[in-house]
Amino acid sequence: MNLFCIPFSGGNAYSYSAFQKQLPGNIRFFNLELPGHGTRITEPLLYSIDEMTEDLFRQIEPELNGEYALFGHSLGALLAFTLTREIRSLGKPLPSLLFVSGQTAPSSVKPDNRYLLPDDQFIEILREMEGTPEELLAEKEFLDFYLPIVKADFQAIANYRYRYEPPLEVPVVVLLGRQEKVSADDAGRWQEETIKETEVFWFEGGHFFIYERTPEICKLIRERCLSFVKHD
């Protein structure tokens with residue numbers, strides 16, 4: 001099975017490198033990259049979920065010729081959802097599984113204009129999220145490079161407006177940190193987006209629990225992907 005991984009705000013194709021090392025060879029790993037990030041740093045940033053979704057579809061379209069799953073964390077989870085809708089609208093084969101991590105159900109996404117905050121206040125938000133090493137947050141040269149990238153991603157989420165569409169025919173696996181600000185009710189609303197089963201798993205940790213709980217998460221991904229292929 002192919003596994004396409006979509007990074008979080010400010011992330012890049014290297015964000016899930018620890019995952020790749022812990023998944024078996026029969027899960028073919030694809031790290032996707034958004035314009036203006038990582039290996040695509042020279043390309044213009046995108047500021048909307050729709051534009052990002054279209055770009056991601058172009059990346060994976062040549063590989064939609066067998067079983068595959070999508071995984072995304074935070075912004076990546078929202079994009080995994082919108083990408084699945086885009087795939088359906090274009091009549092392409094749907095993913096076998098949709099892994100959404102660190103993200104409330106799309107219908108519960110609330111307006112968030114934190115990207116408009118002054119840099120010093122925005123840096124405090126990044127510090128609270130614990131996804132960026134403290135030594136980098138104290139490095140001016142890094143911040144001059146990084147803040148426009150992560151603010152563009154935050155802006156894309158801020159501009160997102162949920163649109164109702166019929167539920168997907170894709171099982172959804174929801175992963176959340178116990179200490180992040182997502183309620184059980186909002187997590188449960190992912191079930192509204194699919195006629196298939198939705199599973200919700202809680203892990204110890206805050207928003208970036210994926211780095212604290214990588215072995216557990218990879219075990220879950222491995223079990224769900226391989227059991228699905230075996231069952232299929």
Side-chain angles (χ1 to χ4, degrees), residues 4-12 15 32-37 40 43-61 70-92 94-95 98-118 121-122 125-126 128-129 131 147-177 180-196 198 200 207:
F4 298 102
C5 292
I6 307 172
F8 44 81
S9 295
N12 56 48
S15 296
L32 304 183
E33 189 89 276
L34 289 170
H37 298 63
R40 302 178 66 185
E43 299 179 42
L45 290 163
L46 301 180
Y47 297 87
S48 80
I49 296 296
D50 287 345
E51 289 179 315
M52 292 176 174
T53 301
E54 291 171 5
D55 185 276
L56 291 168
F57 176 76
R58 288 193 294 270
Q59 292 182 55
I60 71 169
E61 184 180 16
L70 300 178
F71 177 95
H73 180 74
S74 195
L75 167 65
L78 182 58
L79 287 169
F81 168 71
T82 58
L83 178 57
T84 305
R85 280 186 165 186
E86 178 77 359
I87 291 166
R88 179 177 64 178
S89 73
L90 295 171
K92 301 295 183 179
L94 289 170
L98 180 60
F99 295 95
V100 289
S101 171
Q103 178 63 57
T104 184
S107 59
S108 298
V109 173
K110 298 175 176 60
D112 181 355
N113 290 323
R114 289 180 294 175
Y115 73 95
L116 295 173
L117 289 171
Q121 295 180 39
F122 190 78
I125 291 170
L126 297 181
E128 291 171 8
M129 294 174 70
L147 288 183
I149 296 171
V150 71
K151 281 191 172 186
D153 292 345
F154 270 56
Q155 182 174 347
I157 299 173
N159 292 336
Y160 174 74
R161 296 295 179 269
Y162 176 78
R163 299 186 294 268
Y164 172 79
E165 291 184 14
L168 299 163
E169 296 185 23
V170 180
V172 178
V173 181
V174 185
L175 298 80
L176 294 164
E180 62 179 328
K181 298 176 182 179
V182 177
S183 70
D185 287 344
D186 283 346
R189 292 188 68 181
W190 274 106
Q191 183 62 69
E192 300 171 6
E193 304 303 334
T194 179
I195 62 172
K196 299 289 189 177
T198 295
V200 180
H207 186 60

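In what follows, every heavy atom counts, from backbone to side chain, and hydrogens, waters and symmetry copies are set aside. Remember, predicted model here, so these are calculated numbers, not experimental data.
Counting non-hydrogen atoms of neighbouring residues, nucleotides and ligands closer than 6.0 angstrom, the CD atom of E192 exceeds 12 such neighbours.
Shown here for N159 and Y47, the closest heavy-atom pair between the two residues is ND2-O, 3.6 Å. Here the shortest heavy-atom pairing between I49 and I157 reads CD1-N, 4.4 Å. A pairwise comparison of heavy atoms in E33 and D55 identifies O-OD1, 3.9 Å as the closest pair. S108 and T104 make their closest contact through CB-OG1, 3.2 Å (heavy atoms, listed as atom of the first residue, atom of the second, distance). Of all heavy-atom pairs between S15 and P7, the closest is OG-CB, 4.2 Å. Between A158 and D112, the shortest heavy-atom distance links the atoms CB-O, 2.9 Å.
Atom CE of M52 sits about 15.0 Å away from atom CD of E86, to the nearest 0.5 Å. For the atom pair CG of L117 and CZ of F154, the computed distance is 10.0 Å after rounding to the nearest 0.5 Å. Taking CG from D50 and CD from E54, the interatomic distance works out to 6.5 Å, rounded to the nearest 0.5 Å. To the nearest 0.5 Å, atom OG of residue S9 and atom CD1 of residue I149 are 11.5 Å apart. Interatomic distance, L45 CG to K151 NZ, rounded to the nearest 0.5 Å: 13.0 Å. Here L56 contributes atom CG and L34 contributes atom CG; the two are 5.0 Å apart, rounded to the nearest 0.5 Å.
In this structure, D153 contributes its side chain and G10 its backbone to a donor-acceptor pair below 3.5 Å. Formation of a donor-acceptor pair under 3.5 Å by the W190 side chain with backbone atoms of Q103 is found in this model. Although no hydrogens or angles enter the test, the distance criterion places no donor-acceptor pair under 3.5 Å between the side chain of R114 and the main chain of I125. Judged purely by atom type and a 3.5 angstrom limit, K181 has no side-chain atom pairing as donor or acceptor with the backbone of H207.
Ring geometry, F99 versus F71: the interplanar angle falls from 30° to 60°, so the pair is classed tilted. Using a 30° and 60° split on the angle between ring planes, Y162 and F81 fall in the parallel class, below 30°.
Side chains of L79 and L32 form no contact here, defined as non-hydrogen atoms less than 4.5 Å apart. No side-chain heavy atom of T194 sits under 4.5 Å from any side-chain heavy atom of P171. Residues S101 and F8 fail the side-chain proximity criterion, which asks for heavy atoms closer than 4.5 Å. A 4.5 Å side-chain heavy-atom check between V150 and F122 finds at least one atom pair inside the cut-off.
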Evaluation steps, side chain to side chain contact (heavy atoms under 4.5 Å, CB included), between Y160 and T82: CA-CA 11 Å; Y160 174 74; T82 58; 4.1 Å; yes

Intermediate values then yes/no, side chain to side chain contact (heavy atoms under 4.5 Å, CB included), E169 and I195: CA-CA 6 Å; E169 296 185 23; I195 62 172; 3.4 Å; yes

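Between R85 and E193 there is a salt bridge, since at least one side-chain N of the basic residue sits less than 4.0 Å from a carboxylate O of the acidic one.
Taking Q155 as the reference, nothing meets the side chain to side chain donor-acceptor pair (under 3.5 Å) condition, with sequence neighbours excluded.
Residue L70 forms a side-chain contact (heavy atoms from CB on, under 4.5 Å) with just one option from L94, L98, V170, and that option is L98.
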